[in-house]
2 protein chains.
Amino acid sequence: MEDVAEKAQVSVSTASRILTRDRNGRFSDETRQRVLNAAREIGYRPNLAARSLISGQSNIIGFVSPRVVDTPFTALRVLQILTHIEIACSERGYHLLLSSPRYVNGALDEHYMQLLSSGYLDGLIIHDENVNFSLLEPALEFGIPAVVIGNREHPYFVNGDDYLGGALQAEHLLQLGHRHIGVIGLPDNSHYAARLRLRGVMDVASRMGVSTETFYRRDGDFTSESGLAAAHYLLTHHPEITALLVNNDRMAIGALQAARQMGLRVPQDISIIGFDNLPQSADTTPPLTTIDQSVELWGEAAVAMLLRVRQGEQPVSRMMDTRLVIRETTSAPRTGGLR
Amino acid sequence: MEDVAEKAQVSVSTASRILTRDRNGRFSDETRQRVLNAAREIGYRPNLAARSLISGQSNIIGFVSPRVVDTPFTALRVLQILTHIEIACSERGYHLLLSSPRYVNGALDEHYMQLLSSGYLDGLIIHDENVNFSLLEPALEFGIPAVVIGNREHPYFVNGDDYLGGALQAEHLLQLGHRHIGVIGLPDNSHYAARLRLRGVMDVASRMGVSTETFYRRDGDFTSESGLAAAHYLLTHHPEITALLVNNDRMAIGALQAARQMGLRVPQDISIIGFDNLPQSADTTPPLTTIDQSVELWGEAAVAMLLRVRQGEQPVSRMMDTRLVIRETTSAPRTGGLR
DNA sequence: CTGAAAGCGCTTACAG
DNA sequence: CTGAAAGCGCTTACAG
């Protein structure tokens, strides 16, 4: 920068002001040109660390998603969100720092704390789906502006409407005529979204006057293996089941395998509906009926919201569009009754 | 930091030295304790931006993967690698900065250049698979230590053995007795890996004395849709084909759908072999035979290698284990001859 | 073993 | 419209 100033025959202050597009103080067009040219010739690029030190701004946004035991559980959804966060950040000139804090002995890992206090972060997008612990609180303690994905207990969040999604799942199956339904869920005290999805299911049943006594529940753990096991269990113990309502697509894909292994045709013998509409869900055999939550829009929404929070505004949280995607794994139950 | 020094009744210099575990200068245990305690009580955490400014070290490692047009082409593999890079970084106290540079009018985007010159990066892991442009060169110009994934023209790389993988694909199919083989590849002038895979295929054929005149090739573009289209084309135009050898799993999954749509049974009527062993490839119907390249180990390997490069060492590049994973989409061709 | 002082590369009141 | 100077929070020769 000194070199630039010298070459343009101005002071370092002037160079700095022109290069940072200081809104105050106008400069003669001529000076500006001299500085800009000099910078270009020298190939000057600002040192962000120095700028960050003094301005308190780093132009770095953090995205954190907890690592739970060994399960990168919602990996695909996280990737989708991450991809779009990266695009949104880069369009706005921000860099993206990624971290996946874990819990060791019930405490957040030191590395995350260290990041929060590093001065590196202008803001944080927190993927905070787990009921049992929060990545948000420490961030708030450090005064870092934050926006949350996956949980609605924070003033600023971006989410799908999980309750509505669950309702759509149940409505679809019930309208098709299914009454004996296997529900593959997630443990109640794990994720916000899972709880809401199931609540939506139950509320629709009661609204439609359908008894949930012939709903049989078996929980999985996000993975397709657990979906396979749960489906196998349900279909074996409750042969009257004609449809499987599954809490996420990964487990639904497992359920699809279970049906195949048991020699059941989908959807003729058994209907299956998932939740998430992963990219791969259109490619299953047969293609999966599921719930879409426009995750491809979440990243942009989260970044935009975060930047407004930084500026002291109070943006309103967003519930993204949720809709039923009917493909080929659902149909009316066979009239013949039991399989 | 000043507060810590004051509280511990030492100079700022001393506090700094103790807190950074300066290898030189020993300190009386008592002083050290005083400083450490003071730091703990105050909840002192270093400002990394300042440290970075002076030391020239940021403790940030960058991972970049190019965004090619609108195709987040190897998205799943990238995620797998990214996940493990993140783990490896965090275990070593490094943070991870993510960027996905694009090309605008043939030039790398300004945002990437800005990142390179920001002083934020201690090193770079570059996912550089595309033959047509390189993210590596600009990094080297800025003198940033770098390690490459997906390309072996750089001194330091981590890769799978794509040539061997292609050879394994072909060998498997040929040993089963297939001679009329549809090859779904990628354009020759796109990716290093794709080219090598195909070369392995061809070399094995000639080594086994099998004519490749009954190999029919049709290229896709990574996506399952393109795999579906290519498979459909091949199976329609060359009904004598008994096996499909596909350059990646995403396209293989599309091929699986094509077979299904055409009423062909896999593997009885048509065998299919993919490449990558994506997490979802075990969950297809039927489960996909494919090539595994231990991608779950690449992240750790890349980070370890990068850190050694930073220290001025010259680590040897790594070619990761590549092996055939036989599942249920391949079998001997039907003896009856044509379908 | 410990401290005073300079300096990393930038920005920003404060003067003019 | 422009410059001299202080300072962001830390580290590191240089002395003692």
Side-chain angles (χ1 to χ4, degrees), chain A residues 1-36 38-39 42-60 93 95 114-122 142-143, chain B residues 1-36 38-39 42-60 93 95 114-122 142-143:
Chain A
M1 175 132 189
E2 229 170 61
D3 303 340
V4 174
E6 191 174 326
K7 178 149 199 160
Q9 302 174 63
V10 296
S11 69
V12 180
S13 337
T14 305
S16 165
R17 280 194 275 249
I18 290 181
L19 260 14
T20 50
R21 298 185 187 71
D22 195 335
R23 324 94 239 156
N24 312 323
R26 232 126 275 157
F27 305 88
S28 65
D29 271 1
E30 201 239 316
T31 316
R32 161 169 283 120
Q33 276 315 116
R34 274 216 315 277
V35 173
L36 260 22
I42 295 188
Y44 169 81
R45 291 174 187 276
N47 177 309
L48 262 33
R51 195 175 268 182
S52 155
L53 178 58
I54 187 147
S55 69
Q57 296 194 188
S58 63
N59 273 294
I60 298 182
H95 298 291
Q114 150 72 38
L115 175 63
L116 292 179
S117 66
S118 67
Y120 275 158
L121 262 29
D122 277 356
F142 279 97
Chain B
M1 175 132 189
E2 226 172 64
D3 302 341
V4 174
E6 191 174 327
K7 179 147 197 160
Q9 302 175 62
V10 295
S11 70
V12 180
S13 337
T14 303
S16 166
R17 281 196 271 250
I18 290 181
L19 258 14
T20 50
R21 297 184 189 71
D22 193 336
R23 325 91 241 160
N24 313 324
R26 230 124 278 154
F27 305 89
S28 66
D29 271 2
E30 200 238 317
T31 317
R32 161 169 283 118
Q33 275 316 116
R34 272 216 316 277
V35 172
L36 260 23
I42 294 186
Y44 168 81
R45 291 174 187 277
N47 177 311
L48 262 33
R51 196 174 268 184
S52 155
L53 179 57
I54 188 146
S55 69
Q57 297 195 187
S58 63
N59 273 295
I60 297 182
H95 298 290
Q114 148 74 35
L115 175 63
L116 292 179
S117 65
S118 66
Y120 275 157
L121 261 30
D122 277 356
F142 280 98

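None of the values given here were measured: they were computed from a predicted structure.
Proximity of A/Tyr120 to the phosphate of D/dG9: no side-chain N or O atom is located under 4.0 Å from OP1 or OP2. For B/Thr31 and C/dT2, the shortest distance from a side-chain N or O to OP1 or OP2 is below 4.0 Å. At least one side-chain nitrogen or oxygen of B/Arg51 sits closer than 4.0 Å to the OP1 or OP2 atom of D/dT11. Remark: A/Ser16 is in phosphate contact with C/dT11, judged by side-chain N or O atoms under 4.0 Å from OP1 or OP2.
Between the CG atom of B/Asn59 and the OG atom of A/Ser118 there is a distance of 10.0 Å, given to the nearest 0.5 Å.
Nucleotide C/dA4 is matched to nothing when pairs are restricted to Watson-Crick or G-U wobble geometry with both distances under 3.5 angstrom. When Watson-Crick and G-U wobble pairs are counted only if both distances are under 3.5 Å, D/dA13 pairs with no nucleotide at all.
Counting heavy atoms from C-beta on, the side chains of B/His95 and B/Leu48 come closer than 4.5 Å. By the 4.5 Å heavy-atom criterion applied to side chains, A/Tyr44 and A/Leu19 are counted as neighbours. Side-chain contact check for B/Tyr120 versus A/Ile60: some heavy-atom pair is nearer than 4.5 Å.
Nearer to the 5' terminus of DNA chain C, by closest-nucleotide assignment, is the contact made by B/Arg34 (compared with the other of B/Arg34 and A/Ala50). Position along DNA chain D of the nearest nucleotide to B/Thr14 versus A/Gln9 favours A/Gln9 as the more 5'-ward residue.
Between the CD atom of A/Gln57 and the C1' atom of C/dT11 there is a distance of 12 Å, given to the nearest Å. Regarding A/Ile18, its CD1 atom lies at a distance of 10 Å from the C1' atom of D/dT2, rounded to whole Å. Summarising the geometry, the separation between CZ on A/Arg17 and P on D/dT2 is reported as 10 Å, rounded to the nearest angstrom. Between the CG atom of A/Asn59 and the P atom of C/dT11 there is a distance of 11 Å, rounded to whole Å. Distance A/Tyr44 OH to C/dG9 P: 10 Å, rounded to the nearest Å. Residue B/Ile54 contributes atom CD1, which lies 8 Å from atom P of C/dC8 at whole-angstrom precision. Separating the CG atom of A/Asn47 from the C1' atom of C/dC8 is a distance of 8 Å, rounded to the nearest angstrom. In this structure, B/Leu53 places its CG atom 14 Å from C1' of D/dT12, rounding to the nearest Å.
Side-chain atoms of B/Ser13 lie closest to C/dG3 of the nucleotides C/dG9, D/dC10, C/dG3.
The separation of D/dA15 from D/dT11, taken at their P atoms, amounts to 22 Å, rounded to a whole angstrom. Nucleotides C/dT12 and C/dG16, compared at atom C1', are 16 Å apart to the nearest Å. Between the P atoms of C/dA6 and C/dT2, the separation comes to 23 Å (whole Å).
Shown are B/Arg34, B/Arg32, B/Arg17; of these, the side-chain contact (heavy atoms from CB on, under 4.5 Å) with B/Val10 is made only by B/Arg34.
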